[in-house]
Amino acid sequence: MAYRIAVLPGDGTGPEVIREGLKVLGAVAEATNFKFETAEYDFGGDRYLRTGETLPDAALAEFKEMDAIYLGAVGHPKVEPGILERGILLKIRFDLDQYINLRPVKLYPGVWTPLKDKGPEDIDFVVVRENTEGLYRGEGSFSRKGTSDEVAEQKMVNTRKGVERCIRYAFQYAQERGRKRKLTLCDKANVLTYAHDLWRRVFEEVGGEYSDIKKDCAFVDAVCMWMVKNPEWFDVIVTCNMFGDIITDLGAMIQGGMGIAAGANINPEGTSMFEPIGGSAPKYTGKNMINPLAAISAAQMMLQHLGEKRGAHLMEEAIVKACQKVKSLSAGKMGYTTTEVGDMVAKFVRGAE
Ligand code: IPM
Ligand code: MG
């Protein structure tokens, strides 16, 4: 049986990095004996500008039948911010109920980090970001819009079920990961006295079932501080949608930048989506300069999720080797082109067999 993967290269440098990810996936499939087929979709800014369409329901229905979705990037300089993000990326996350956004923050050996005196043993944690609720629901209102008395409200919607399934996933994840066996709840319960009171109560309650996991609560501002000062304190962090968005960009920076950071949008019972977390990087489009390692890492997470353990392991080893070869993880400074980095990782995959 072959895995069926929906491929959405998307905007900007998305297609360039996805091409390399698929190249490496092909090499891994050959080396470890699995098959996959891809169905490519051209959703993104260009299609929107041409047809006015972001993502039709028919496509969503097709995605639900797939084993995974592999996404490049959405975001187009000629499209007003929000249209593609809401119309494509968030629509997939919400409609497919991908309620976990899993974002590893792992510094590979030889990769430069802006944190002085910190190394791979210090920077190795995972952020479990709630992915379908909170401020991202898009609920809110304007009143007296355009006047000097305008009020704009944006609701942070947290459901008991939504919070619980996320926290439960995080505890489970901390247990299976088995590294420090520690889960940190990142919130702002001192200010968000309704929304994050719920998070605290659920954390406490569900935590009761995981006596082997150390529990810790920290306010989001302090988490930012510790991520820079003592990242080794973290093992797994669980947090709401908005805070997860913010702290994972900080996380990406301490693990070497957007050139390496990947994420998984997971529905444990449905179809999940894998993506590099950096954007579409319009200024590098078509230049063969962007780093494809984040997209390759996203494909690696996809294999992990599909249960291709050997392939995922092989792929990670190859990524680690490539990290040691490139001069920098930043676009244009790698000492290699986008295509060459993809070729290199594919070669490492083949060589390891
Ligand atoms: C991310 C991105 C998205 C988010 C944007 C593009 C809507 O920043 O995946 O982190 O905020 O979730
Ligand atoms: Mg983000």
Side-chain angles (χ1 to χ4, degrees), residues 8-15 17-18 21 43-48 54-55 68-106 125-140 154-158 162 166 186 220 223-224 227 237-267 272-285 290 294-295 297-299 301-302 305:
L8 282 76
D11 297 319
T13 50
V17 297
I18 289 297
F43 303 119
D46 288 332
R47 173 151 170 170
Y48 172 74
T54 47
L55 179 65
I69 303 168
Y70 188 36
L71 172 79
V74 293
H76 194 291
K78 293 199 180 109
V79 181
E80 208 183 300
I83 294 179
L84 302 171
E85 292 84 344
R86 235 169 221 295
I88 300 176
L89 182 66
L90 299 183
K91 193 164 173 188
I92 298 174
R93 289 178 183 169
F94 290 178
D95 275 45
L96 270 61
D97 205 19
Q98 293 165 341
Y99 61 88
I100 298 297
N101 195 327
L102 199 63
R103 297 189 165 181
V105 178
K106 187 170 180 177
F125 60 92
V126 178
V127 177
V128 176
R129 165 185 173 188
E130 200 290 323
N131 210 31
T132 54
E133 299 195 334
L135 284 168
Y136 278 71
R137 282 300 340 164
E139 289 180 28
Q154 190 93 34
K155 280 193 195 155
M156 191 180 217
V157 183
N158 295 264
C166 176
C186 163
V220 62
V223 168
C224 291
M227 274 172 70
I237 299 177
V238 63
T239 192
C240 69
N241 211 340
M242 187 81 256
F243 293 174
D245 175 48
I246 299 167
I247 68 169
T248 54
D249 265 28
L250 176 55
M253 288 304 119
I254 66 172
Q255 74 179 119
M258 286 302 178
I260 188 74
N265 301 271
I266 295 177
N267 174 344
S272 301
M273 172 167 71
F274 303 83
E275 52 169 342
I277 79 171
S280 55
K283 71 173 182 188
Y284 293 113
T285 304
I290 197 82
S297 291
M301 292 185 81
M302 179 159 74
H305 180 79

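What you see is a predicted model, and the numbers here were worked out from it, not measured in a lab. All residue numbers in this chain count up from 1 along the given sequence. Whatever order the structure lists them in is the order used to number ligands and atoms, beginning at 1.
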Peer 1: In terms of side-chain geometry, is the basic nitrogen of Glu85 or Lys91 positioned less than 4.0 Å from the acidic oxygen of its partner?
Peer 2: no
Peer 1: When only distance counts, is Asn101 in polar contact with ligand 1, meaning an N/O pair under 3.5 Å?
Peer 2: no
Peer 1: Do Asn131 and Asn241 have side chains that approach each other closer than 4.5 Å (heavy atoms only, starting at C-beta)?
Peer 2: yes
Peer 1: Quick one: does ligand 1 sit under 4.0 Å from the side chain of Arg93, the backbone, both or neither, non-hydrogen atoms only?
Peer 2: side chain
Peer 1: When you measure from atom 10 (O) of ligand 1 to every protein heavy atom, which one gives the shortest distance, and what is it?
Peer 2: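 Checked against all protein heavy atoms, atom 10 (O) of ligand 1 sits closest to Asp245 OD1, 2.9 Å.
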Peer 1: Looking only at atom types and distance, does a side-chain atom of Glu130 sit under 3.5 Å from a main-chain N or O of Thr132, one as donor and one as acceptor?
Peer 2: yes
Peer 1: Among all protein non-hydrogen atoms, which one is nearest to atom 4 (C) of ligand 1, and what is the separation to 0.1 Å?
Peer 2: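 Result for atom 4 (C) of ligand 1: Tyr136 OH, 3.4 Å.
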Peer 1: Hey, which atoms in ligand 1 end up nearer than 4.0 Å to a heavy atom of Leu89?
Peer 2: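 Listed by number with element, the hits are 3 (C), 6 (C).
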Peer 1: I want to check something: taking the side chain as every heavy atom from C-beta on, are Tyr70 and Leu8 in contact at a cut-off of under 4.5 Å?
Peer 2: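 Tyr70 does not reach Leu8 side chain to side chain.
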Peer 1: Under 2.8 Å from the Mg ion (ligand 2) - does any N, O or S atom of Asp245 fall there?
Peer 2: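 For Asp245, the answer is yes, given that an N, O or S atom comes within less than 2.8 Å of the Mg ion (ligand 2).
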Peer 1: Which of the atoms of ligand 1 are close to Glu85, meaning less than 4.0 Å from one of its heavy atoms?
Peer 2: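 Going through ligand 1 atom by atom, the ones under 4.0 Å from Glu85 are 6 (C), 7 (C).
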Peer 1: To check your reading of the model: name the closest protein heavy atom to atom 1 (C) of ligand 1, its residue, and the distance in Å.
Peer 2: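 Nearest protein contact, heavy atoms only, for atom 1 (C) of ligand 1 is Arg103 NH2, 3.3 Å.
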Peer 1: Working note: Asn267 + Asp97, criterion side chain to side chain donor-acceptor pair (under 3.5 Å); need CA distance, chi angles, decisive distance, verdict.
Peer 2: CA-CA 6 Å; Asn267 174 344; Asp97 205 19; 4.8 Å; no
Peer 1: Specify the closest pair of heavy atoms between Ala294 and Pro276, including all atoms of both residues, with the distance to one decimal.
Peer 2: CB-CB, 3.7 Å
